[in-house]
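This report concerns only the one structure given below.
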Amino acid sequence: MRTEECDLLVIGSGAAGLAAAVTAAHHGLRVVLAEKSGTLGGTTAWSGGWIWAPCNPVAHRNGIEEDMSEPRRYLAAVLGNSFNAELVDAFLQAAPEMVGFFEQNTALQFDCGARIPDTYTHLPGAGMGGRSVIAQPYDARGLGADVALLRKPMTETTFWGMTIQAGPDLRAFMTATRSVASAIHVTRRLLRHLWDLARHGRGMQLRNGNALVARLLRSALDQSVSIRTRHAAIRLLESKGTVTGAILSGPNGDVHVSATRGVVLAAGGFPHDAQRRAAQFPRAENHLSLALPAATGDGLRMAEAVGGQQAQTLASPAAWCPVSRVPYADGQTGTFPHIIDRGKPGVIGVLGNGKRFCNEGLGYHDYVRDMLAALPDQQEAQSWLICDHRFIRRYGLGIVRPAPVPLRPWLRNGYLIRAKTPEGLAQACGIDPEGLTLTISEFNDHAKRGEDPAFHRGTTPYMRLQGDPDVTPNPCLAPIEAAPYYAVKVVPGSFGTFAGLRTDGQARVLDAADHPIPGLYAAGTDMASVMGGHYPAGGINLGPALTFGFVAGRNAARRT
């Protein structure tokens, strides 16, 4: 067996793993980054890229000031009994330090989410903007030949492989047929993208999570991190209770890696570990994960073999998101996350009885949680998003794009269902016709006045941001009455898992007696979520991932 020595071994190349590697290397450590797949970025490279990091210096530069006690008060209100003071305080202390560190020392630079409020703005301590940041767009030419190491963005959430960022960029694409300025912006983006496809075989105007990974990768290369793709970690090494490295399985055989400062587990949690999912996910048989298929629980299994413990008391084992199954002509299927469309005016979500069950404009985690709670045990876990012709041509629905992109391919393959009447749509979907007709009628009566007495949609800043500012009096509500009518079937899904390994505030993995296992750190979804299984704001996966990756790398550098 081949042997190798380093100071720190990082397993996994998503936001957490790259953050740990870059931080440790900046502090002088020799770092090996092992990635199971052939490309880097993990599920982060497929994500929207928003990062929740309260009191960050980017917000400060944009004139947004707040005391750390406010986000702490907000998390206490949302998390309730799941509030872990040690982890929350460690996160809130380190998050702004993390943002400052990367901006000052690496290629990772941020833009401010100045207008993005927390999800539950009615709760004490909720923020109205500035707590989120996102990596600045990146020109992939900056990676040179190493762009081949970068995972391409998720097909379903791009336009011909081009990433589109929430905010002005997305709004321009949504209004391209109604605004000259938007049309010019979209035309320039498309022409540049087509040129990149012809010359480079991929999009080079990177945004969202792809830009985040690209900037972290550039930083890792600048810091001389030794990157090993197609190297899966199969077992941790230990001596006298201390983790001292790991065995990697690579293309040329196994490698014994000795790591004097320890190992960071950031292998992506267990979204594709069928056994754990069956035991821990509600309605697991009908669940579709948005996470990278290679994330099969390797980090958890290796840690448990040396005494690590998986968290078992979180409110939810995963970060829920409603998704739809996308059929392709070659027989393959994709998974589309319904993040944006649910909050637009003129769409509702219904169960098989034709009734609404939630506030569609609240968070994606809430949609799935409420769907699972409302479904009778014997019913398949599914719902339908229902809209009319006006809505789908203006906003799209799921993977179906707005005008002028044609609808017909999605009607032909069965992804999109269409009918002339609500009754006909219900029959085509297997929904109770009477129930759906009554629901649409009642919804329309109130929506025309901008009201939703059943679920109060559009009554908070978070919900109104998801809507359409051109629609009044409520940007989240419009009647569903312009035939024909459309539906997309939606099932429970998730971005990734919450129920990772129990750690302390220094990202050290804990054993059954709550003692840190020397030399073993966890971050990202290999670490139990600091949010306790709740989803208080957009970016609460990547914010802690980057933060505790940064903490792990810094602590490893300080360890003797």
Side-chain angles (χ1 to χ4, degrees), residues 48 50-55 59 64 66 69-80 82-83 112-134 166-167 170-171 174 315-316 319-322 337-349 356-371 373-374 385 391 395 442-443 446-479 531-541 543:
W50 286 98
I51 299 153
W52 200 67
C55 304
I64 301 172
E66 67 173 338
S69 62
E70 287 304 290
R72 191 181 195 276
R73 191 158 69 107
Y74 175 63
L75 290 180
V78 177
L79 274 53
S82 301
F83 185 87
C112 183
R115 295 182 57 248
I116 300 178
D118 294 334
T119 303
Y120 309 110
T121 44
H122 62 286
L123 292 179
M128 298 300 168
R131 290 179 180 175
S132 297
V133 296
I134 193 168
L170 175 61
R171 180 159 177 78
M174 298 289 284
S316 299
W320 306 134
C321 179
H338 290 266
I339 298 173
I340 297 170
D341 51 4
R342 298 170 296 101
K344 294 292 184 285
V347 64
I348 56 174
R356 293 173 68 203
F357 58 91
C358 72
N359 182 330
E360 299 89 350
L362 206 53
Y364 26 81
H365 186 80
D366 303 87
Y367 185 100
V368 174
R369 181 201 62 202
D370 293 346
M371 176 170 60
L385 289 175
F391 180 96
Y395 308 113
E442 292 178 347
F443 177 82
H446 296 292
K448 291 172 183 176
R449 299 191 295 272
E451 300 170 353
D452 179 21
F455 294 102
H456 310 291
R457 194 158 132 197
T459 57
T460 68
Y462 173 86
M463 285 184 269
R464 296 176 79 85
L465 184 65
Q466 312 308 313
D468 183 344
D470 295 333
V471 174
T472 58
N474 187 329
C476 302
L477 292 173
M531 303 302 165
H534 296 272
Y535 215 109
I540 58 88
N541 290 314

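Values in this document were obtained by computation on a predicted structure and should not be read as measured data.
Listed by chain and residue number, Arg394, Tyr395 satisfy the side chain to side chain donor-acceptor pair (under 3.5 Å) test with Asp468 (two or more places apart in sequence, or in another chain). Remark: Phe443 engages no residue in a ring pair (Phe, Tyr, Trp, His ring centres under 6.0 Å) (not counting sequence neighbours). Applying the side chain to side chain contact (heavy atoms under 4.5 Å, CB included) criterion to Ala315, with sequence neighbours excluded, gives Ser82, His534. With sequence neighbours left out, Glu442 forms a salt bridge (Lys or Arg N to Asp or Glu O under 4.0 Å) with no residue at all. Residues that satisfy the side chain to side chain donor-acceptor pair (under 3.5 Å) test with Trp52, not counting sequence neighbours, are Asp118. Applying the side chain to side chain donor-acceptor pair (under 3.5 Å) rule to Glu70 yields the partners Arg73; only residues at least two apart in sequence or on another chain are considered.
A salt bridge is defined here as a Lys NZ or Arg NE, NH1 or NH2 lying under 4.0 Å from an Asp or Glu carboxylate O, and Asp370 with Arg356 fails to meet this definition. For the pair Arg171 and Asp470, the salt-bridge criterion is met [side-chain N within less than 4.0 Å of a carboxylate O]. Under the 4.0 Å criterion applied to side-chain N and carboxylate O atoms, Asp366 and Arg369 are assigned as salt-bridge partners.
Residues Lys448 and Pro479 come closest through the heavy atom pair CG-CG, 3.9 Å.
Aromatic ring pairs are classed by plane angle as parallel below 30°, tilted from 30° to 60° and perpendicular above 60°; the pair His365 and Trp320 is parallel.
Proximity of a side-chain donor or acceptor of Tyr367 to a complementary backbone N or O of Asn359 within less than 3.5 Å is not detected.
By the 6.0 Å contact criterion, CZ on Arg115 is open, its count of non-hydrogen atoms from other residues, nucleotides or ligands being 12 or less.
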Would you please test Tyr535 and Asn541 for side-chain contact (heavy atoms from CB on, under 4.5 Å) and show each step? CA-CA 9 Å; Tyr535 215 109; Asn541 290 314; 3.2 Å; yes
